[in-house]
2 protein chains.
Amino acid sequence: MEEIVDTRAPEVSLPADGALERALFQRLSEAIIRGEIPLGAKLSEPALSRQYGVSRGPLREALNRLEERRLVERTPRLGARVVSLSATTFREIYGVREALEGLAARAAAHAMGEADLARLRAILARQEASLEGDGEHAPNALGGMDEDFHVAIARAAGNGLLIGLLCGDLYQQLRLYRSQLRKVAGRGRRAVTEHRRILDAIEDRDPEMAEWQMRRHIAASYTALAPLLGPAASEDLAE
Amino acid sequence: MEEIVDTRAPEVSLPADGALERALFQRLSEAIIRGEIPLGAKLSEPALSRQYGVSRGPLREALNRLEERRLVERTPRLGARVVSLSATTFREIYGVREALEGLAARAAAHAMGEADLARLRAILARQEASLEGDGEHAPNALGGMDEDFHVAIARAAGNGLLIGLLCGDLYQQLRLYRSQLRKVAGRGRRAVTEHRRILDAIEDRDPEMAEWQMRRHIAASYTALAPLLGPAASEDLAE
DNA sequence: CCCGAAAAATCTGTCGACAATCTGCGTCGA
DNA sequence: TCGACGCAGATTGTCGACAGATTTTTCGGG
């Protein structure tokens, strides 16, 4: 009916490698985690296609990858929707996280190189400095540094599969949950203390102690955060 | 060159739901695990498209999911290839498996229902019967029943994320490795004995013992299988 | 006979289009 | 007035086609 005007950019140079799908995946992932796309929102393929200026092909693949990462849910005919938060899922994440990060801490204590150790020390030093300097007025006392600490340990474990599972699947979901629970300030000092104990165990080359401290750290984090999702909070957060 | 005969089914009705992609994923997954597609083989999209009688769209999505499951590797310009086996990857799988299945056994011992328990007993009974009856002449003494046992425990753990990680990611890779190492007969009796110990611990509602037995079971399995991938065996299996 | 370069063929990444289906709304009947 | 039926709009799943790049083949030279 109406004139179909090609409003696309001149496309002087398409990336031409598999970058479009990955860029879409990353942008959508960030948009979901940062809350720009609300939880439970419907992700219409044509709408996103027009919004990001790409066709539906790469967008579909990006949505599929988001589904594998458990950031969106697809129902066969209804399309894709951003996942809703639930206390059950949160508990499951922390259960798996405790097992996997315990393994990571143990492996790191067993075979961490000096370079990774120095990086870990630097991260922890920054966390302690942030705590001393800023006092309490940072919204989340550690910012993204808590994530950095755990990622560094996962990487130092030298297990590619473990790194992929933690950084690819779990940490993204965890960021999603944390971004919705940002009123959680106060555990920063305790968390840094526990980080210090973990690092000490790794420096002592004590795998058992490192794993135990890590598991305890994660269990404590769950105990602190879980009540915020407790009584029917999942519904509140979903809508 | 040759006549291209359309060997597709009459297609009286396309499934019309998201079944094509899932069917392709399942068929390709089985083909790779059963060794019908050799390790390291290049997966040409047009060739598979013609072979399975579908367009490249769903096939691409299936390949993406296979990549997420770590059954194929995609390089930005070269296309998709079946993964090659390596002793390092095998060790990583078993490391993660020990952590996750240890969690599964502990959770199962903590909260396994009577129905799941009965199913687990039935599986173990079949394993023991298979060992008594067939003697030693089965190629892999347990067939697929070892997998069934571990899947049942994972399901009984009641952790959806854990089930997805184990059944979706790890067990598929594990089946790939086992299908290439099928000359491993002999550990069946020992494995069933260890399964019995795990089940006993679960029936006793002893989570610590269940986790410990499971981890020991998996570590023993790794010790038995790892030498087959040891000195430059990865190259042999890859090509 | 072997090596290097150009051209052809093939393949990946991407795009637009079509059939089948589901959602929402208007209309008709009880 | 309320509920059921039917139609229009939009959306998903799938398909064929095109631009860019890579690999292979082939041709010419040393």
Side-chain angles (χ1 to χ4, degrees), chain A residues 1-28 37 40-68 72-83, chain B residues 1-2 4-28 37 40-68 71-83:
Chain A
M1 294 300 178
E2 70 283 331
E3 295 278 290
I4 298 182
V5 183
D6 192 342
T7 63
R8 285 174 296 172
E11 316 190 22
V12 292
S13 72
L14 283 177
D17 42 342
L20 244 182
E21 175 203 330
R22 269 173 295 183
L24 274 175
F25 169 73
Q26 208 161 3
R27 291 181 67 176
L28 283 174
I37 302 177
K42 186 164 188 294
L43 294 172
S44 165
E45 293 182 5
L48 291 175
S49 168
R50 283 188 295 273
Q51 180 173 348
Y52 287 100
V54 297
S55 180
R56 277 181 49 215
L59 193 122
R60 214 159 180 359
E61 301 185 3
L63 287 180
N64 264 327
R65 292 179 82 156
L66 285 171
E67 182 193 16
E68 302 276 340
V72 310
E73 284 174 342
R74 301 191 90 177
T75 45
R77 282 291 172 187
L78 267 112
R81 309 178 70 86
V82 181
V83 294
Chain B
M1 299 300 180
E2 69 282 337
I4 299 183
V5 183
D6 193 340
T7 64
R8 285 174 295 174
E11 316 191 22
V12 294
S13 71
L14 283 179
D17 43 342
L20 246 182
E21 174 204 332
R22 267 174 296 181
L24 274 175
F25 169 73
Q26 207 161 3
R27 291 181 69 175
L28 283 174
I37 301 177
K42 186 164 189 289
L43 294 172
S44 165
E45 293 180 5
L48 291 174
S49 167
R50 282 187 296 272
Q51 180 173 348
Y52 288 99
V54 298
S55 181
R56 278 181 47 215
L59 193 121
R60 212 161 189 345
E61 301 184 3
L63 287 180
N64 265 327
R65 290 178 82 158
L66 286 171
E67 182 193 15
E68 301 277 340
L71 288 180
V72 310
E73 286 173 341
R74 299 192 91 180
T75 45
R77 282 292 170 185
L78 268 113
R81 308 178 71 86
V82 181
V83 294

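Letters go in sequence order (proteins before strands), and every chain restarts at 1. Since the structure is predicted, the reported quantities are computational estimates derived from the model, not experimental observations.
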- Whole angstrom value for the distance that separates C1' of C:dC22 from CZ of A:R81: 14 Å
- Note on the structure: Rounded to the nearest 0.5 angstrom, the CG-CG distance for B:L63 and B:L59 is 4.5 Å
- For DNA chain C, the residues among residues 55-68 of chain A that have a non-hydrogen atom under 4.0 Å from it: A:S55, A:R56, A:P58
- To the nearest 0.5 Å, what is the distance between CG (B:N64) and CZ (A:R60)? 12.0 Å
Which atom pairs, donor and acceptor, lie under 3.5 Å between side-chain atoms of residues 46-57 of chain A and protein residues at least two apart or in another chain?
from: A:S49; atom 1: OG; to: A:V54; atom 2: O; distance (Å): 2.5
from: A:R56; atom 1: NE; to: A:E45; atom 2: OE1; distance (Å): 3.1
from: A:R56; atom 1: NH2; to: A:E45; atom 2: OE1; distance (Å): 3.1

- When rounded to the nearest 0.5 angstrom, what is the spacing between CD in A:E21 and CD in A:E61? 4.5 Å
- Touch check for B:L43, heavy atoms < 4.0 angstrom, all strands: base, sugar-phosphate only, or nothing? sugar-phosphate
- Can you find a side chain N or O atom of A:R74 that sits less than 4.0 Å from OP1 or OP2 on D:dG13? yes
- Task: Have a look at the helix from C:dC1-D:dG30 to C:dA30-D:dT1 and give the angle its two end axes make, five pairs each, rounded to 10 degrees.
- Result: 20°
- Could you state the atom-to-atom distance from CZ of A:R50 to C1' of C:dG16 in whole Å? 14 Å
- Message: Whether A:K42 contacts C:dT23 is assessed here as follows: a side-chain N or O lying under 4.0 Å from the phosphate OP1 or OP2. Is that the case?
- Response: no
- Task: Rounded off to whole Å, could you give me the CD-to-P distance for the A:E21 and C:dC15 pair?
- Result: 12 Å
- Task: Locate the shortest heavy-atom distance separating B:L24 from B:A62; write the atom from each residue and the value.
- Result: CB-CB, 3.9 Å
- 5'-most contact on DNA chain C (nearest-nucleotide basis), B:T75 vs A:L78, goes to B:T75
- Query: So, B:R81 side chain and B:G40 main chain: donor-acceptor pair closer than 3.5 Å or not?
  - Reply: yes
- Item | Nucleotide D:dT11, atom C1' - distance to CD of A:Q51 in whole Å | 17 Å
- Task: Flag the pair B:L71 / B:L28 as yes when at least one side-chain heavy-atom distance between them is below 4.5 Å, and no otherwise.
- Result: no
- Query: Who pairs with B:E68 by salt bridge (charged side-chain N to carboxylate O under 4.0 Å, His left out), at least two apart in sequence or on another chain?
  - Reply: A:R65, A:R69
- Item | Interatomic distance, B:L20 CG vs D:dG16 P [rounded to whole Å] | 12 Å
